[in-house]
Amino acid sequence: MLIGFLVFVLGSLLALLVPGNRARILVNLACQAVACGFVLSQTIPVLFGGECLTGFVQWSYPVERIDLRLDPLGAFFLTFSLPMTFLGSVYAVGYLAEDIRGPRHVGTHFALLSSVQMSYMIVYTAQNAFAFLVGWEIAALSAWLLVIWNHRNQKIRFAGFNYLVSTHLSLLFLVAAVMIMHGETNSFQFADYQRFLTTPGIRRGLAFVLLMTSFGLKSAFFPFHTWLPRAHSAAPAHVSALMSGVIHKAGLFGMLKFILLIGKPDPWMGWYLLTVSAASAFVGVLYTITQRDIKRMLGYSSTENVGIAGMGFGMGCVGLSLDQPVLVALGFGGGILHILNHALFKCLLFYGAGAVYRFTHTIDLEKLGGLIKVMRWTAPLFLLGSLASAAMPALNGFVGEFLIYFGLLQPSPTLGVARLPLLLAASLLALVGGLSALSITRSFGLIFLGVPRDSHHADPAAKEHPLMLIPMVIHVVGILLVGLFPWIGLTVVSEPTAMMLKLSGSSTYLLSDFVPSTLIESLTWIGAILLGLFVLLAGLRFLLLPRCDRRHVTWGCGYTKPNTRMQYSGSSFSHPMTLVFRDLLRYLRNETLPKGPFPSDGKLETHCVDTVEYSVFNVLHLGERFVARVLRWIPETSRASIGFGLVVLVILFTIVATKSRGGM
């Protein structure tokens, strides 16, 4: 592990110091590959039941000692995070091809990618709050600098600032929780925190809420999600992919880590987490069907999917508090597996969005269309990723969600009244699945089917870059493997789930004991049959129909030739569903209506804004106006300003003196 960490450090330094962009990238990618090999040689045995690795680093006062431990949970996150970041770096070579050929120092970008990988190693192995916070901050600052790569654009700078503020709010809540735990234990070691967190009480409950708020901000749970769509829209495609699929999974890791330290949570903790997660899943998927920007849409989809994983964690916590091992196994097992599945298909979708941007120089759904004719590789890969995100059978997204459904619908009579909220959660998850299917149908149809809605954005010289396609193909392979062979996914998450089962007092710690083998076999056969039918129909389509353009006059309601304006727009496609939820959505209209007997062209544009973000900015605007009104009453002369300052100081001094006398 140490060798891998040092190789990542070496790769970052070489990317900064070696002359020439191509040489910088080559040495950095070589170091990333070697470091990943060293680290994976240690994490994979631990993930599949080997001995946990331990170590420590001696530090100065007041930290003194930093314990390190690689357990199955940390091994799981490292095993998929490091290779996926390496694939993102490979994709970056194609995506940043113009910058690489230009005078800009691209080595800094790849050095930041390596620093993100180093932060994973710290966060996922540290058993000390100080080291955990350091790794947390390294990841946050590195991701911020990656987001604002194209910093000359003011919108990108604002999105980066928004992300920086949000991630440091997350850090603030985390520090507050650490302060409570340190105050109770006088230690930075997680082992000492465990003794405090296993004791029920108000302070434990407060620490839990602060921790979940911090990790919810990091992973973009509702209502702390507003930074995510902006950051994803602004960042380069591979950075958006890694932020959504890998970097901000640290928040979900933090949830699991501290649930392990808590042991048996209070009943309200599980219901709290389940409720917040269900709200995140619903709000996230609702906004996906309203967005024009592909990457904003995928950002809201990330909020949906962390909500689904969080629903699994909430169900697992409910199982721990009610002594229901089956809920623990299926909840945590399904949630942890969904983390991996989401990383696979969401990175693929962001890579596809980046390929579309490089081909057309836009990611506005209302200006795209017909790209399936020219993007022969990207279109089917994006389709598979979209189907996986909608949890269609035969693909990986279905497996994790199926385990969560299986747990929520458990018929155990010992659950009592708890069955009702679990059934309601299952119903909401089904609604989320339906809206997700609508979202992917809308996005794929608008991007790849029909004809271009704005021909000005087409680049006739553009081609699909091989280094952008390779990571996409590898992700599709992972999607198909987990989807067609669910036992692979169950095996990967078995040991991390066993760590949770040990908290429940279960007689068995194997996830496979809670999922019937016949059920897994049925899923495999269903997936194979559906995939076979899909391949058969696609083959018949290309074999039986001529490849040349087919031209024939059809009845078109009086129009002899259809045009781009006769296609569905993104707004019209989802309009029937958005009407149902119109009270939850806020639209901005920009219209120019035709006037006079010979009017010029009119226009109508609608944009769905985030209600939470709109409300926050509205409150800030009202505060700014209030401060401005107060300042008008203060004369601008220096004497008046000094006078007001002295009055404030006298008042503060009087308050402090009064409190001091009262304390004495």
Side-chain angles (χ1 to χ4, degrees), residues 43 47 71-85 87-88 120 123-124 139 212 215-216 218-221 225 228 241-260 273-274 276-277 280-281 284 298 301-317 328-350 385 388-389 391 395-405 407 429 432 436 475 478-479 481-483 486 488-500 511:
T43 61
L47 180 59
D71 56 25
L73 182 63
F76 168 76
F77 278 86
L78 281 175
T79 300
F80 78 83
S81 296
L82 295 179
M84 287 190 182
T85 306
L87 290 176
Y120 301 154
V123 170
Y124 297 148
M212 294 303 113
F215 301 139
K218 187 72 171 180
S219 295
F221 278 73
H225 65 284
L228 188 70
L242 296 178
M243 287 176 65
S244 177
V246 181
I247 296 174
H248 295 111
K249 293 299 189 292
L252 297 175
F253 170 82
M255 289 184 180
L256 294 169
K257 182 72 175 179
F258 280 90
I259 289 171
L260 281 171
L273 185 54
L274 181 60
V276 172
S277 300
S280 300
L298 294 176
S301 176
S302 295
T303 294
E304 170 210 346
N305 282 280
V306 296
I308 292 172
M311 289 178 72
F313 300 164
M315 180 173 68
C317 288
V328 177
L330 296 174
F332 286 115
I336 294 172
L337 181 55
H338 195 72
I339 291 174
L340 173 62
N341 291 337
H342 177 244
L344 286 169
F345 64 69
K346 189 51 60 69
C347 287
L348 169 62
L349 290 173
F350 273 113
S389 72
L395 301 173
N396 68 334
F398 174 75
V399 182
E401 289 194 38
F402 180 81
L403 292 181
I404 296 174
Y405 273 118
L429 188 57
V432 169
S436 180
H475 278 270
I479 288 171
L481 282 176
V482 178
I488 294 178
L490 296 181
T491 303
V492 169
V493 303
S494 181
E495 287 298 322
T497 306
M499 296 177 68
M500 301 297 177
L511 177 59

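All values below were derived from every heavy atom in this structure, side-chain atoms included, with hydrogens, water molecules and symmetry-related copies excluded. All residue numbers refer to positions in the sequence shown, counting from 1.
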Q) Do Lys346 and Ser301 meet the criterion of a side-chain donor-acceptor pair at a distance under 3.5 Å? A) yes
Side-chain donor-acceptor pairs under 3.5 Å in residues 76-84, sequence neighbours left out?
unit_1 : atom_1 : unit_2 : atom_2 : d
Thr79  : OG1    : Thr43  : OG1    : 3.2
Thr79  : OG1    : Ala75  : O      : 2.5
Ser81  : OG     : Phe77  : O      : 2.6

Q. Do you know which two heavy atoms are closest between Leu330 and Leu403, and how far apart they sit?
A. CB-O, 3.7 Å
Q. Backbone N or O of Leu429 within a donor-acceptor pair of the Tyr405 side chain at under 3.5 Å?
A. yes
Q: Starting from the C-alpha separation in whole Å, work towards a yes-or-no answer on side-chain contact (heavy atoms from CB on, under 4.5 Å) for Ser277 and Phe313.
A: CA-CA 9 Å; Ser277 300; Phe313 300 164; over 6 Å; no
Q: Using modelled atom types only, decide if a donor and an acceptor are shared between the side chain of Ser244 and the backbone of Ser302 within a distance under 3.5 Å.
A: no
**Q.** Closest non-hydrogen atom pair, Cys317 against Ile259
**A.** SG-CD1, 3.6 Å
Q) For the atom pair NZ (Lys249) and OH (Tyr120), what is the distance rounded to the nearest 0.5 Å? A) 10.0 Å
Q. Which heavy atom in Ser436 sits nearest to a heavy atom in Ser389, and how many Å separate them?
A. OG-O, 3.5 Å
Q: Evaluate the side-chain proximity of Leu340 to Val493: yes if any heavy-atom separation is below 4.5 Å, no if none is.
A: no
Q. Rounded to the nearest 0.5 Å, how far does CG of Leu242 lie from CG of Leu87?
A. 9.0 Å
Q: Could you tell me whether a side-chain N or O of Thr497 sits under 3.5 Å from a main-chain N or O of Leu511, the two making a donor and an acceptor?
A: no
(Q) Which heavy atom of Val306 sits nearest to which heavy atom of Thr303, and what is that distance? (A) CG2-O, 3.3 Å
Q: Determine, stepwise, if the pair Leu256 / Leu73 fulfils side-chain contact (heavy atoms from CB on, under 4.5 Å).
A: CA-CA 8 Å; Leu256 294 169; Leu73 182 63; 3.8 Å; yes
Q) Which residue, Phe258, Tyr124, Phe215, forms the side-chain contact (heavy atoms from CB on, under 4.5 Å) with Phe253? A) Tyr124
Q | Nearest heavy-atom neighbours spanning Met255 and Leu273 | A | SD-CD1, 4.3 Å
Q.
How close do Met499 and Pro72 get, counting heavy atoms only, and between which atoms?
A. SD-CD, 3.8 Å
Q: Scan for side-chain hydrogen bond (donor to acceptor under 3.5 Å, both in side chains) pairs involving residues 332-341, sequence neighbours excluded, and state none if there are none.
A: Asn305-His338, Asn341-Asn396
Q | Partner set under salt bridge (charged side-chain N to carboxylate O under 4.0 Å, His left out) for Lys257, not counting sequence neighbours | A | Asp71
Q) How long is the gap from CZ on Phe345 to CG on Leu298, to the nearest 0.5 Å? A) 10.5 Å
Q) Roughly how far apart are Lys218 NZ and Leu228 CG, rounded to 0.5 Å? A) 11.5 Å
